[in-house]
Amino acid sequence: MEEKVLEWDYEINGKDFRNAGKVSSKVKEILKELGFDPDFVRRVAIASYEAEMNVVCHAERGVLHLTISPEELRIVVKDKGPGIQDIELAMQEGYSTASPEIREMGFGAGMGLPNIKKNVDKLNIASTVGEGTVVDMLIKPSSIREFG
Amino acid sequence: MQLWEIQGILEAELLWEPVDLQMEIEMARAADLMSDVLNRSQGGELLITGLVNSQVIWTAELAELKAIAFVRGKRPDQETIGLAKSKDIPLLATKLLMYEACVRLGMRGLPGSLGTIW
């Protein structure tokens, strides 16, 4: 039997602080409609939101690609932006290059990537300075379920 | 604790109506740093904050927080209030400072995100 895979693409605009969260809210809506467990939906929503905020805060623009298969959920956020110089350093809680504007929004405290890591099963970050960053997240539901 | 009790204890104003004042709130969380809220919240909390931008609403929506109380007499703009309404997140505004707001609710027995006060 052919495996069913669902896919979505959403654009994220850099510096559009008012709408930063909209894409993750759509992701959450989709998962709720598919009947995923509320705790799982919350984990995905938080990881997605932090990744979306990263694009809004640091990049020019980005795309969030959501893939759902019966075994796992994958979110890949790819942006065009300054990239990350030292990924290991960026993963440390408290390290941040955020501007005062971003801090005024309640973000930029160096917790974005650690927050993502905490909520996903597998996190891969690839970045080229001056070009952009790809954040690849894999999240497995606690129980495999059927979806329509 | 129900929302109407919280409104009374904080002497707060509702920023949009109608809301379900019988909404049951079991925990509260106070922060101005939204990443902190995303990092350690259970979902279902009242968020007490001095930040009034749209990120507070998106944080509540995505972390499944139930309601928001703005302290220090601060109020979000109409667009932010509209966003909260569209997400069905009740907004309260109180003149109390954050510490006073937390103490008042804590003294009436509303626990924090970890389910405890002491």
Side-chain angles (χ1 to χ4, degrees), chain A residues 12 15-32 36-54 56-57 64 75 90 92-96 98 100-120, chain B residues 23-27 29-72 74-89 91 98 113-115:
Chain A
I12 304 166
K15 305 286 175 283
D16 182 8
F17 289 105
R18 191 168 280 279
N19 289 310
K22 206 174 194 172
V23 165
S24 301
S25 182
K26 277 184 189 155
V27 169
K28 186 183 147 190
E29 215 171 277
I30 290 169
L31 300 190
K32 267 190 164 174
F36 282 98
D37 167 70
D39 278 343
F40 176 76
V41 175
R42 204 169 157 273
R43 269 174 60 206
V44 175
I46 289 172
S48 168
Y49 182 33
E50 287 283 13
E52 183 181 355
M53 269 317 274
N54 275 345
V56 175
C57 291
L64 181 145
I75 294 177
Q92 280 178 24
E93 220 169 276
Y95 177 80
S96 176
E101 186 193 12
I102 296 165
R103 288 170 199 263
E104 274 168 24
M105 306 292 301
F107 285 86
M111 291 174 72
L113 292 177
N115 266 358
I116 292 175
K117 198 176 174 188
K118 193 180 152 192
N119 285 293
V120 304
Chain B
M23 174 188 275
E24 197 66 50
I25 299 202
E26 288 162 9
M27 296 175 286
R29 180 68 206 263
D32 281 350
L33 182 58
M34 294 303 109
S35 277
D36 240 353
V37 177
L38 293 170
N39 187 275
R40 287 184 211 282
S41 61
Q42 306 290 322
E45 290 104 328
L46 165 78
L47 173 63
I48 302 160
T49 185
L51 269 196
V52 290
N53 58 52
S54 60
Q55 291 316 307
V56 178
I57 314 297
W58 288 117
T59 298
E61 143 83 354
L62 291 160
E64 301 267 354
L65 309 181
K66 271 195 179 163
I68 302 169
F70 298 107
V71 293
R72 308 197 291 268
K74 294 176 89 177
R75 302 168 73 103
D77 60 24
Q78 280 306 319
E79 205 176 332
T80 304
I81 293 173
L83 176 64
K85 192 174 178 182
S86 74
K87 300 294 176 190
D88 206 18
I89 301 168
L91 301 180
M98 190 187 271
S113 289
L114 301 176

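Throughout, a chain's letter reflects where its sequence line sits, starting with A, and its residues are numbered from 1.
Proximity to chain A involves both the backbone and the side chain of B:Glu79, based on heavy atoms less than 4.5 angstrom apart. With a threshold of 4.5 angstrom between heavy atoms, A:Glu50 approaches chain B through side-chain atoms but not through N, CA, C or O. Interface residue B:Leu38: backbone and side-chain heavy atoms are both found under 4.5 Å from chain A.
Ion pairing between B:Asp77 and A:Arg18 holds under the 4.0 Å rule for side-chain N and carboxylate O. For the pair B:Glu61 and A:Lys32, the salt-bridge criterion is not met [side-chain N within less than 4.0 Å of a carboxylate O].
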Original post:
Would A:Ser25 and B:Trp58 count as a side chain to side chain contact (heavy atoms under 4.5 Å, CB included) if you check the C-alpha gap in whole Å, the side-chain angles of each, and the deciding distance to 0.1 Å?
Top reply: CA-CA 8 Å; A:Ser25 182; B:Trp58 288 117; 3.6 Å; yes
**OP:** List the steps, then state whether side chain to side chain contact (heavy atoms under 4.5 Å, CB included) holds for B:Leu33 with A:Phe107.
**Re:** CA-CA 6 Å; B:Leu33 182 58; A:Phe107 285 86; 5.9 Å; no
**OP:** Check step by step if side chain to side chain contact (heavy atoms under 4.5 Å, CB included) holds for B:Ser54 and A:Lys22.
**Re:** CA-CA 11 Å; B:Ser54 60; A:Lys22 206 174 194 172; over 6 Å; no
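When atom types are taken as modelled, the side chain of A:Lys28 and the backbone of B:Leu62 share no donor-acceptor pair closer than 3.5 angstrom. Between the side chain of B:Gln55 and the backbone N or O of A:Phe17, at least one donor-acceptor pair lies under 3.5 Å.
Side-chain contact between B:Ser35 and A:Met53 is absent, with no heavy-atom pair separated by less than 4.5 Å.
Taking chain A as the reference chain and counting heavy-atom pairs below 4.5 Å, the highest number among B:Thr80, B:Val52, B:Ile57, B:Leu83 is found for B:Thr80. Per-residue heavy-atom pair counts under 4.5 Å with chain A were compared for B:Val37, B:Thr59, B:Thr49, B:Asp32, and the maximum is reached by B:Thr59.
Nearest heavy atom pair, residue B:Ala63 against residue A:Arg42, reads O-NE, 2.7 Å. Closest approach of A:Met111 to B:Asn39, counting heavy atoms only: CE-CB, 3.7 Å.
No more than 12 heavy atoms of other residues, nucleotides or ligands shown are found within 6.0 angstrom of CD on B:Gln78. Around the NZ atom of A:Lys15, the shell of radius 6.0 Å holds more than 12 heavy atoms that belong to other residues, nucleotides or ligands.
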